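Fair warning: this is a prediction, and the values are worked out from it, not measured in the lab.
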Amino acid sequence: MKKIAVHLASMTISLIWLVIYQQTWNPFSLKGPQFLKFYLILLMGFYTSVLSLKFLQKPISKTVRYFMLMILLLGIIKLLKGLYLGKPIGYLTILLMIEVLVISLHIDNKRSER
């Protein structure tokens with residue numbers, strides 16, 4: 001439960017930033033640069049918590065995959081919205097490709113540990 005709280009803390013920080021600086025609870029209503037800031041805060045906080053648990057040699061729970069996929073899904077939804085509206089999506093596409101790479105490496109590491 002403590003490990004989940006660590007990951008939830010990073011998500012909570014990004015939501016607090018969203019509410020304080022953007023005055024909204026809806027990340028999909030943000031324009032491109034503001035969404036990228038929110039998304040980077042979310043990614044950096046989450047992956048910092050994952051790396052800190054690995055550094056402390058604590059086992060990472062299976063729910064980390066669900067958090068990773070939820071963050072990826074958030075980015076994909078915003079990407080599809082940007083494509084539909086004809087907005088530039090280059091930076092978000094690069095972030096999503098890096099995220100897919102990290103997720104696949106994480107899943108491969110889990111399989112090799114078994």
Side-chain angles (χ1 to χ4, degrees):
M1 186 65 180
K2 290 179 188 177
K3 291 174 234 158
I4 293 173
V6 170
H7 302 305
L8 283 175
S10 65
M11 291 183 167
T12 304
I13 290 169
S14 63
L15 285 175
I16 289 172
W17 178 87
L18 188 65
V19 170
I20 291 174
Y21 291 103
Q22 302 301 320
Q23 288 82 36
T24 183
W25 286 95
N26 182 6
F28 300 112
S29 68
L30 298 176
K31 302 275 185 199
Q34 289 85 15
F35 179 79
L36 285 175
K37 286 178 189 176
F38 165 74
Y39 201 66
L40 281 172
I41 291 169
L42 181 63
L43 284 176
M44 292 301 153
F46 180 75
Y47 287 115
T48 300
S49 65
V50 170
L51 289 175
S52 65
L53 287 176
K54 280 191 173 215
F55 179 74
L56 296 172
Q57 297 176 346
K58 304 271 182 174
I60 297 175
S61 64
K62 294 179 183 179
T63 57
V64 170
R65 288 185 196 161
Y66 298 118
F67 280 116
M68 287 180 177
L69 292 175
M70 187 175 70
I71 294 170
L72 180 66
L73 183 64
L74 176 74
I76 290 172
I77 290 171
K78 187 65 176 178
L79 178 81
L80 293 175
K81 182 180 176 187
L83 281 172
Y84 179 74
L85 296 174
K87 302 291 182 177
I89 53 161
Y91 291 121
L92 184 57
T93 304
I94 292 169
L95 282 174
L96 290 174
M97 289 189 314
I98 292 170
E99 193 174 351
V100 166
L101 178 67
V102 169
I103 290 172
S104 64
L105 289 175
H106 176 74
I107 291 173
D108 287 343
N109 284 342
K110 286 292 185 184
R111 287 183 184 158
S112 65
E113 287 176 2
R114 290 181 188 170

If hydrophobic clusters are built from ILVMFWY residues whose side chains come within less than 4.5 Å, do [X] and [Y] share one?
X     : Y      : result
Leu73 : Leu15  : yes
Tyr66 : Val100 : no
Tyr84 : Leu96  : no
Phe28 : Leu80  : yes
Leu8  : Val19  : no

Atom [atom1] of [X] and atom [atom2] of [Y]: how far apart are they, to the nearest 0.5 Å?
X     : Y      : atom1 : atom2 : value
Leu72 : Ile103 : CG    : CD1   : 4.5 Å
Tyr39 : Leu95  : OH    : CG    : 7.0 Å
Thr12 : Trp17  : OG1   : CH2   : 15.5 Å
Gln22 : Lys37  : CD    : NZ    : 7.5 Å
Ile41 : Ile16  : CD1   : CD1   : 11.0 Å
Leu51 : Thr48  : CG    : OG1   : 6.5 Å

Looking only at non-hydrogen atoms, find the nearest pair between [X] and [Y] and report the distance.
X     : Y     : value
Ile71 : Leu43 : CG2-CD2, 3.5 Å
Ser29 : Thr24 : OG-OG1, 3.6 Å
Val50 : Val64 : CG2-CG1, 4.1 Å
Glu99 : Met68 : OE2-O, 3.6 Å

Requested in this report: For Lys87, look at atom NZ and say whether over 12 heavy atoms of other residues, nucleotides or ligands are found less than 6.0 Å away.
Outcome: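 Atom NZ in Lys87 is not packed in, count stays at 12 or less.
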Query raised in the report: Do other residues, nucleotides or ligands put more than 12 heavy atoms under 6.0 Å from Phe55 CZ?
Result: no
Query - Main-chain N/O of Leu30 paired to Lys78 side chain as donor or acceptor, under 3.5 Å - result: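 Yes, the answer is positive, given that a donor and an acceptor are paired below the 3.5 Å cut-off.
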